[in-house]
Amino acid sequence: MPDRVDILGVPMDCVTMSSAVEAVDTLVQGDSPRAIIAVNPEKIMKARHDANLLHAIQGAGLLIPDGIGAVIAARLLWHKRLQRVPGSELMPAICDLAQRKGYTVYLYGAAPEVNRVAEARLRSLYPNLRIVGAQDGYVPESRMDEVIEAINNSGAQILFVALGSPRQELWMGKYLHRLQVKVCQGVGGTFDVLAGKVRRAPKLFCVLNLEWLYRLLSQPARLIRQTALPLFAMRVVREKLTVLRSS
Ligand code: UDP
């Protein structure tokens, strides 16, 4: 399995898109359910103060370098030359893997209409993909046993959970051990993108690693979530200085 580094107390795997897909393939062959979690500065800062979130991250089978801030931190602190592996791009890559290998997938999360349209879109993009079930993400906690049972009865090997962060990570931390899937990826707003409800950043923003800025401009309500960024940058620089001073 890939090299794992520590960013401010939170682990992250040094993977590329292709080694991440290979790792997923290995996890699907395993015998216990494992989570795939996207690591970015916002989540790192949150995990420092949320023991349940940190626990879910620490137990994950694959921690992808999703945010550019986390990629830069890995370079600064560990001299790792990583590229971003965005969760929203890993999901289609996993669908492609699943289609090739005949793995079964289940789609849990997002609003009912979004969930339906995302499923239809996946069926047209991957005609041989075996989607064995889907459930929107607005089921009350009191009905969670039914959701778990439906996922288990579907025979899904790969579960995509689109509840947003940190809700989906906490959900995985709480329920993964009761699931019979092999892999469970937290995909945030990816169903909304698939359904055409939210647009992904134009290519230029992605190339310049400014996808976060595009999301901020198109969804200003996210500003609150981004306030952790400057603090993250300060902490990484402080940690780097501490290492330099002691060497
Ligand atoms: N969502 C859900 N159930 C909830 C709350 C949110 O299914 O109780 C879904 C919401 O409909 C959306 C996704 O979670 O599809 C959140 O997307 P967002 O872009 O906020 O996630 P991020 O990628 O930023 O974590």
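In each ligand, atom 1 is the first atom listed, and ligand 1 is the first ligand listed.
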Close side-chain approach of V39 to I7, heavy-atom, < 4.5 Å: no
Quick one: does [X]'s side chain have a donor or acceptor within less than 3.5 Å of a partner on [Y]'s backbone?
{"X": "D13", "Y": "L63", "answer": "yes"}
{"X": "N115", "Y": "Q135", "answer": "yes"}
{"X": "R84", "Y": "D66", "answer": "yes"}
{"X": "T104", "Y": "G155", "answer": "yes"}
{"X": "E169", "Y": "I57", "answer": "no"}
{"X": "D192", "Y": "V198", "answer": "no"}
{"X": "Q157", "Y": "K182", "answer": "no"}

[X], any N or O under 3.5 Å of ligand 1 N or O:
{"X": "G137", "value": "yes"}
{"X": "S165", "value": "yes"}
{"X": "D192", "value": "yes"}
{"X": "A110", "value": "yes"}

Just to confirm my output: which protein heavy-atom neighbour is closest to [atom], and how far is it?
{"atom": "atom 20 (O) of ligand 1", "answer": "R225 NH1, 3.6 Å"}
{"atom": "atom 6 (C) of ligand 1", "answer": "Y138 OH, 3.2 Å"}
{"atom": "atom 9 (C) of ligand 1", "answer": "A162 O, 3.5 Å"}
{"atom": "atom 23 (O) of ligand 1", "answer": "G189 N, 3.1 Å"}
{"atom": "atom 24 (O) of ligand 1", "answer": "R222 NH2, 2.6 Å"}
{"atom": "atom 14 (O) of ligand 1", "answer": "L163 C, 3.0 Å"}
{"atom": "atom 16 (C) of ligand 1", "answer": "G164 CA, 3.6 Å"}

Those atoms of ligand 1 less than 4.0 Å from some heavy atom in G188: 13 (C), 17 (O), 21 (O), 22 (P), 23 (O), 25 (O)
Element-labelled atoms of ligand 1 that are located less than 4.0 Å from some non-hydrogen atom of A111: 11 (O)
Verdict with reasoning, D145 to R178, per side chain to side chain contact (heavy atoms under 4.5 Å, CB included): CA-CA 10 Å; D145 284 350; R178 290 181 50 194; 3.0 Å; yes
Electrostatic pair K174-E141, nearest N-O below 4.0 angstrom: yes
Region of E169 that comes within reach of ligand 1 [heavy atoms, distance under 4.0 Å]: neither
Structural part of R167 in contact with ligand 1, heavy atom criterion under 4.0 angstrom: side chain
Min heavy-atom dist R215 to ligand 1 below 4.0 Å: yes
